[in-house]
Amino acid sequence: SVFLEFSDAGAVPTSLTVRADAVTGRGPTGATLNGTVLYARGAENPWIYFCWDYTDRGTNSTSAWAHADLVGTDWGEGQSFAKNVTGLLTGSSYVYRCYATNSTGTNWSRAAQTFTTVSRPGVTNRGVSHVIRLSAALAGQITDTGGQPPSARFHYWANGSGTTNAVNAGTQSAAFTSSVTGLTPGTLYHWSILVSNAAGSRWSQTNDFRTRAAVSHDWYVSSTGDNTYATNWSTAFTSVQEVLGSTASNDMVYLRGERFALAQQMVWSNSYVTVRGGFEGMGLPGNRDPVAWPTILTRTAGTTHRIMYV
């Protein structure tokens, strides 16, 4: 048993006391178990054991546990100890407690620690967005970190090409996006995602997209668009500036009749581009009435920048 006295500093142990601390160094087949001798009652260093199993086997006997590993007697009061255990099963959960004994008695850690070894991560391909002539944005989603957030890389290649390009997306644990540039206009691309952690790697499914051809195009801007291709109101880009920056000579830009708040000055630098507003937002391009559906460009509240630089 552990006997406690209480003071302004909280509970103070009065008998041999050991604590199981959080695991460190988790891998696919190993981990480091940690503990601390809180109080030795002025006696010799205790014998320390780590008792570990798939479930908590309680504090009745070390023999109830699948493993009762002796750590030694090198740790006295206030000192921490650790043991690296190997041969664990990938993606499995484990529980451990600390057990201590010296001439003053025995003690089990009051709380057990739990951990799960690292397993292979999971990832899904969330599709493409912001597709223009020379670039696109690829999106992924980590579906399972495997207990260790993986590194992610986008791989993409032109249809029929023997060359695969890769973009490092860094360590990820949720949704993530990376832009790929230097693409060829009017080209079909395939792409997938590779994620890796200490337990191994896994690929997403493969998706496709086609860049815009090197000819004049119509572009659509609407706050209700999905930011994919901007070829109609459903796939419209939501940013006027993004479309203006993506246009080329003889392109046409259609703006839905609504208010677009600009956080910074908009730049229109491409020549021979036509911009028309006041559209209902249905059809190709559909009904236009600037009185009924006015397109308004305005500053974001609290800003004083110019609306547009041409």
Side-chain angles (χ1 to χ4, degrees), residues 121 123-143 150-172 174-196 201-256 260 263-264 266-275 284-285 309:
V123 64
T124 189
N125 183 319
R126 290 196 302 121
V128 69
S129 65
H130 303 279
V131 180
I132 57 176
R133 292 178 173 93
L134 302 176
S135 66
L138 311 182
Q141 173 78 46
I142 300 299
T143 57
S151 60
R153 291 173 66 88
F154 288 99
H155 292 254
Y156 64 98
W157 59 98
N159 189 50
S161 171
T163 301
T164 298
N165 303 287
V167 173
N168 185 9
T171 300
Q172 301 292 338
F176 57 101
T177 303
S178 288
S179 293
V180 292
T181 59
L183 305 181
T184 302
T187 301
L188 176 65
Y189 285 88
H190 310 282
W191 64 285
S192 60
I193 309 166
L194 176 66
V195 291
S196 305
S201 302
R202 183 166 281 154
W203 287 92
S204 73
Q205 73 275 29
T206 299
N207 275 11
D208 306 319
F209 69 93
R210 186 181 294 275
T211 51
R212 285 203 169 203
V215 296
S216 59
H217 286 287
D218 292 345
W219 299 81
Y220 290 76
V221 184
S222 168
S223 63
T224 61
D226 66 7
N227 281 314
T228 52
Y229 290 90
T231 55
N232 55 52
W233 296 115
S234 296
T235 65
F237 288 177
T238 58
S239 166
V240 180
Q241 177 63 79
E242 182 178 9
V243 166
L244 289 180
S246 304
T247 55
S249 180
N250 297 317
D251 281 358
M252 173 73 76
V253 178
Y254 298 114
L255 306 181
R256 184 170 176 263
F260 293 95
Q264 59 188 20
M266 193 166 58
V267 177
W268 185 354
S269 58
N270 296 326
S271 302
Y272 303 106
V273 174
T274 301
V275 178
L284 290 174
Y309 176 82

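These figures come from a predicted structure and were not determined experimentally. Along the sequence shown, residues are numbered consecutively beginning with 1.
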Within the distance-only criterion (no hydrogens, no angle test), does the side chain of [X] pair as donor or acceptor with the backbone N or O of [Y] below 3.5 angstrom?
{"X": "Q241", "Y": "V267", "result": "yes"}
{"X": "T235", "Y": "T231", "result": "yes"}
{"X": "T211", "Y": "T187", "result": "yes"}
{"X": "N207", "Y": "R126", "result": "no"}
{"X": "N159", "Y": "L188", "result": "no"}
{"X": "R133", "Y": "V215", "result": "yes"}
{"X": "W191", "Y": "G127", "result": "no"}
{"X": "R202", "Y": "P121", "result": "yes"}

For the student: nearest non-hydrogen atoms of [X] and [Y], plus distance:
{"X": "V131", "Y": "A136", "result": "CG2-CB, 4.0 Å"}
{"X": "W157", "Y": "T163", "result": "CB-O, 3.3 Å"}
{"X": "V273", "Y": "A248", "result": "CG2-O, 3.4 Å"}
{"X": "A213", "Y": "P185", "result": "C-CB, 4.0 Å"}
{"X": "P150", "Y": "I142", "result": "CG-CD1, 3.9 Å"}
{"X": "W219", "Y": "S246", "result": "CZ2-O, 3.6 Å"}

Look up atom [atom1] in [X] and atom [atom2] in [Y], then write down how far apart they are to the nearest 0.5 Å.
{"X": "D226", "Y": "H130", "atom1": "CG", "atom2": "NE2", "result": "9.0 Å"}
{"X": "F237", "Y": "N227", "atom1": "CZ", "atom2": "CG", "result": "6.5 Å"}
{"X": "N270", "Y": "N250", "atom1": "CG", "atom2": "CG", "result": "11.5 Å"}
{"X": "R256", "Y": "T238", "atom1": "CZ", "atom2": "OG1", "result": "12.5 Å"}
{"X": "T247", "Y": "I132", "atom1": "OG1", "atom2": "CD1", "result": "9.5 Å"}
{"X": "N125", "Y": "Q205", "atom1": "CG", "atom2": "CD", "result": "4.5 Å"}

**Asked** Stepwise, does the side chain to side chain donor-acceptor pair (under 3.5 Å) test hold for S196 with S201?
**Response** CA-CA 4 Å; S196 305; S201 302; 2.6 Å; yes
**Message:** Using side-chain contact (heavy atoms from CB on, under 4.5 Å), reason through V253 and W268 one step at a time and then give a plain yes or no.
**Reply:** CA-CA 12 Å; V253 178; W268 185 354; over 6 Å; no
**Item:** Min side-chain heavy-atom separation I193-F176 under 4.5 Å
**Value:**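 Yes, side chains in contact.
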**Request:** Walk me through it: do Q172 and V195 pass the test side-chain contact (heavy atoms from CB on, under 4.5 Å)?
**Result:** CA-CA 9 Å; Q172 301 292 338; V195 291; over 6 Å; no
**Asked** Do NZ/NE/NH1/NH2 and the carboxylate oxygens of R212 and D251 come within less than 4.0 Å?
**Response**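 The answer is no: the pair does not qualify as a salt bridge.
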**Message:** Out of the candidates L138, T184, N165, only one should pair with Y189 under the side-chain contact (heavy atoms from CB on, under 4.5 Å) rule; please name it.
**Reply:**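 The passing option is T184.
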**Request:** Given side-chain contact (heavy atoms from CB on, under 4.5 Å), test L284 with Y254 step by step and report yes or no.
**Result:** CA-CA 10 Å; L284 290 174; Y254 298 114; over 6 Å; no
